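Reading through the structure tokens given below for one structure.
Values in this document were obtained by computation on a predicted structure and should not be read as measured data.
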Amino acid sequence: MRTGGGKKAVLSRRRGRVVAPGPAVDAAISADLAERVLATSGGADRSTGRLEILLLVAALPMFGQVFHYIIDAGPFYYLSKAWPFLTLPLALHGAFRLSGRHHPLYAIVLGYVIGITPALSMLWLGNAFIDAFGTTIKVWPITYYFSVLSTLALLRPSPDLLRRILLSFGVATFLLMWLLWLIVPRTHYAVDATQSKLFMYELERGYRIYMPMVFGVLSLLYLVRRMSVSPRLLYVALYLAGLMTMVLIFKQRISILALLLISAWVLYRNLPKLLRSLVTLGLGIGVLVLAITVLIPAVEALEKSLGNSLSIRARSLSLAFDYMLADVWRWLFGVGSITRFSAVTLFDLFGTDHFYLADIGWVGIVFEYGVVGALLIFGLYVAGLRDAYGRRARAPERQLADPRAEAMAAALGDYVLFLLAASAVYSAVFTPGELATVTALLVYLRGFWSTQAAMGPRTTLQPDEHVPVPGRGGVVRL
């Protein structure tokens, strides 16, 4: 292929391989050129048909574990439980036919939590083989990293199409919350979580709808990103409306607090330097005054409002520490867990049924997987954050030409940070499919992946055809 010397620069594809955005793109290529390249490799809307769009719309809620704990959803609840196994061929395709920067890490984590941890639970907790395997059901959605990446590589949706689908789910989440809140009678709300996981009543929080919020929170973080670039009143109003809906209907305190913290952090980072310095000074003085006059009384009031919830968490923490520290191997590699169908019960182990690993954050992770497993799982968050805020992610060729699509890519990274903040209280393996799915979407949008020879391109170009690339005197290799 000829280049340079006033000749027209061309972009060509190698034989036997699909060319996809990769790390070798020259940093001087403009965002517009990167968007052109994505379009020529099958990323444009025109190459994504209605069937592909319907498949994305149907699959993304499953990958996001929207129905995973909602027993009220009937067949969708059971489909969500089976989804990691139904999509296992996609996961294998993604693991062996695609190459991504996080493939080794995800493979190691899966080997540890699905292979080593169940064996340790048989040793420490006396689980039978079937019971030990049953404890791995909650971590199988980690395979969604491979499954989602494979799905995206096969369907080739454009960044803007993904943005519109994700936002549509977000809008639908809030509208459905209000619809259910207004039409469902209070007699349908349950105190016992085994009767309903969607319509709940608690003494401290009253009536609430425990709606899966993966797309709702993501849409609010998208609005924050749009506000940071273009502070329009519409974005502010929509964000406040969504936040009000979460406070009035959702009432999940940690999730709301994590959302506020991440939103404030994103807006703060995008302030001009002088204004940021003034805000920092004002916040420092405000925090000092708040700590002296308000914080101490507020902590006492919070303890009373949390009531039984706080005491159960404190009891679970105490029991977990006592059990782990009894043997160095327990806290180093973990002891696994049991299911409600196991022959060994929590009462046999701790003398109480009120022990919840899902409510004690990373302490629960260390209890189940040990320090080694906790570090591996924490590495998954680090991987997602690297794709969001790392040096390579900020390179010009990784930025999307459409500012709306770029805002969604940034919001996906903010959602990883949101999950990390919430994991201080909620277990990191409660819905691990959310992190795996968001990371896969980031890898796809930022171009940190490539395809192998087995998958044919979704493009009308023939192997020897060239795509002219204006403005450069060389060959661009993706």
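Side-chain contact, Thr194 with Asp192: a donor N or O sits under 3.5 Å from an acceptor N or O. A side-chain donor from one of Gln252 and Arg208 sits under 3.5 Å from a side-chain acceptor of the other. There is no side-chain donor-acceptor pair under 3.5 Å between Tyr144 and Gln65.
Applying the ring-ring contact (aromatic ring centres under 6.0 Å, His included) test between Phe67 and each of Tyr78, Tyr77, Phe76 identifies Phe76 as the sole match.
Met227 is listed as a side-chain neighbour of Val224, based on a closest heavy-atom distance under 4.5 Å. Between Met408 and Leu218 the shortest side-chain heavy-atom distance falls below 4.5 Å. Taking the side chain as every heavy atom from C-beta outward, Tyr112 and Ile377 never approach each other to under 4.5 Å. Taking 4.5 Å as the limit, some side-chain heavy atom of Phe174 sits within range of a side-chain heavy atom of Leu220. For the pair Leu166/Leu60, a side-chain contact is recorded, criterion being any heavy-atom separation below 4.5 Å from C-beta on.
Listed for the Thr431 side chain is no donor-acceptor partner under 3.5 Å among the backbone atoms of Gly433. Between the side chain of Lys251 and the main chain of Tyr207, a donor-acceptor pair closer than 3.5 Å is present. Under a 3.5 Å cut-off, the side chain of Ser423 and the backbone N or O of Tyr426 do not form any donor-acceptor pair. The main-chain N or O of Leu400 is found under 3.5 Å from a side-chain atom of Glu406 such that the two form a donor-acceptor pair. With hydrogens and angles disregarded, a donor-acceptor distance shorter than 3.5 Å links the side chain of Ser219 to the backbone of Gly216.
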Could you walk me through whether Phe63 and Trp83 satisfy the ring-ring contact (aromatic ring centres under 6.0 Å, His included) test, starting with their C-alpha distance in whole Å, then the side-chain angles of each, then the deciding distance to 0.1 Å, before giving a yes or no?
CA-CA 8 Å; Phe63 285 129; Trp83 195 250; 5.8 Å; yes

Determine whether His103 and Tyr145 satisfy the following criterion, ring-ring contact (aromatic ring centres under 6.0 Å, His included), listing intermediate values before the conclusion.
CA-CA 9 Å; His103 275 47; Tyr145 168 76; 5.6 Å; yes

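Within 6.0 Å of CZ in Arg386 there are 12 or fewer heavy atoms belonging to other residues, nucleotides or ligands.
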